[in-house]
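Notes to accompany the following structure.
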Amino acid sequence: MADNSTAARRPGRLVAAVGLAASALLVAPAGSAHAFGTYGTLGQNHEHERITRAALACAPGASSDGSCFEPTSLAQLAGDNAQLISGKGLGAVGAPDRTQLEQAGAHCDNADYLDPKYNGGKAYPQSRDDATKALRTCIAYLQQRFQDAPGAAGALVDGGGAVRPDQVGLASDCDFVQSSSERRAKCRTVLAFGNALHGVQDFYAHSNWTDRPDGGRPVGPHNPPGLNRTAPSPLFDLTAAAPPAPAEVPTDLSTGCFYLLGSCDGRIKHSDDMNKDNGLIDPATGATSAPTTPRGKVSDNFSHAVQGAVTETRRQWHDLRQLLEKQPHGKQLVCALTHDDPVGDCA
């Protein structure tokens, strides 16, 4: 039998890989998905979609004022009941679970560290410096994708500020499965922003930023310390030119070790020790229930991870909106992204 660090213990990403092969041979246990869920299978409950909807959906029947997304536009960002095999309904936020399966920087994995005082006096297999480097690599990637969005958005309007119908039409959903062939500016902007959101949402599920350890067990690799901090995290300023300095990363901050093929022996394992990926989320309110992962079941850890991700998602849209509004015809750019009939609404 494979050890706890191999694909047999990582169905969230394994599921997506199998889906790409159109295979039904899914043998991994359902309770240890890789990330906030994108699909509705093997223990996932569309968590990324529901977090994004809780953060950015307009009230039913309301028009967007720029702070929220109308239904069809939101579906491109958040997803709409994404299907594993076909990819139908896949939103930009969920796309990295299909297209960047093994890119740790897209999910803020492998920034794990444990102080020797929690490890029986032994040095942890990965140094604090290397863990911080992994986290900063993740943040740099998310900054890049976030900052790709304003450039893509420029094509939403013509030189006079009129919305370009061919660049905003959603008669068919954005194609985030074969995204290289997607030419609509609205879809390309949403994809860049959604890729960034995926990583910042995963940070709250994959790290100990908001959580607490199990008070009934000693703190160690299988029960890491929790920072019990609030969101948004100052580490994730995606408008910045560079990741935060190493000194800004708390000593006890950790994510989990994750490899599809490889060993996490002696390390804080994503699946068993750290993640708070799965449970039920109300897409209207963000309220949570029924967490399923070991760390998520401790205290209010799942709820805190979800609320952190919701808060962070709102912060990131606020920041992107501000960047867009500084561009020529910025109000029209924001309107074109958030409205379902931008040609009619954004004159």
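All residue numbers refer to positions in the sequence shown, counting from 1. The analysis underlying the following values was restricted to heavy atoms, covering all of them including side chains, and did not include hydrogens, waters or symmetry mates.
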Over all heavy atoms of both residues, which pair between [X] and [Y] is shortest? Give the atoms and the distance, please.
X	Y	answer
P225	L114	CD-CD1, 3.5 Å
E70	D340	OE1-N, 3.0 Å
S67	S64	N-OG, 4.2 Å
R188	A155	NH2-CB, 4.2 Å
L235	E248	CD2-O, 3.6 Å
Y259	C257	CE1-SG, 3.6 Å

Between [X] and [Y], do the side chains contain an N or O donor and an N or O acceptor separated by less than 3.5 Å?
X	Y	value
D173	Q76	yes
D129	S127	no
D112	Y124	yes
N81	H46	yes
Q178	E182	no
Q201	T52	yes
H304	N228	no

Within-4.5 Å side-chain heavy-atom neighbours: [X] and [Y]:
X	Y	answer
C68	T338	no
N278	F302	no
D319	F146	yes
L324	L337	yes
F258	M274	no
N119	P221	yes
K186	R164	no
K331	E325	yes

For the side chain of [X] and the backbone of [Y], is there at least one donor-acceptor N/O pair under 3.5 Å apart?
X	Y	value
R315	S233	yes
H206	N275	no
D158	A162	yes
R98	V177	no
Q307	G286	yes
R314	A55	yes
N223	P213	no
T255	C108	yes
Q126	N110	yes
E47	G279	yes

* Going by the side-chain hydrogen bond (donor to acceptor under 3.5 Å, both in side chains) test, name the single residue among H270, H48, Q44 that passes it with D277. =>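 Among H270, H48, Q44, the one meeting side-chain hydrogen bond (donor to acceptor under 3.5 Å, both in side chains) with D277 is H270.
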
Linking I/L/V/M/F/W/Y whenever any side-chain heavy atoms sit under 4.5 Å apart, do [X] and [Y] land together?
X	Y	value
L135	Y113	no
V93	L280	no
V190	V343	yes
L227	V249	yes

* Go through the structure and list residues passing side chain to side chain donor-acceptor pair (under 3.5 Å) with T311, not counting sequence neighbours. =>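 Side chain to side chain donor-acceptor pair (under 3.5 Å) list for T311, sorted by chain: empty.
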
* Structure fact -> By salt bridge (Lys or Arg N to Asp or Glu O under 4.0 Å), D211 pairs with (sequence neighbours left out) K276, R295

* salt bridge (Lys or Arg N to Asp or Glu O under 4.0 Å) involving E49 - partner list, sequence neighbours excluded ->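 Checked E49 against salt bridge (Lys or Arg N to Asp or Glu O under 4.0 Å); matches are R53.
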
Look up atom [atom1] in [X] and atom [atom2] in [Y], then write down how far apart they are to the nearest 0.5 Å.
X	Y	atom1	atom2	answer
L191	C174	CG	SG	8.5 Å
D202	L142	CG	CG	9.0 Å
D214	D273	CG	CG	12.0 Å

* Asked: Does any pair with a residue in residues 53-104 pass ring-ring contact (aromatic ring centres under 6.0 Å, His included), and if so which ones, sequence neighbours excluded?
  -> F69-W317

* What residue among Q144, Q143, R145 forms side-chain contact (heavy atoms from CB on, under 4.5 Å) with Q147? -> Q143

* Structure fact -> Contacts of F236 meeting ring pair (Phe, Tyr, Trp, His ring centres under 6.0 Å) (sequence neighbours excluded), chain-then-number -> F203

* Scan for side chain to side chain donor-acceptor pair (under 3.5 Å) pairs involving residues 235-245, sequence neighbours excluded, and state none if there are none. => D237-T239

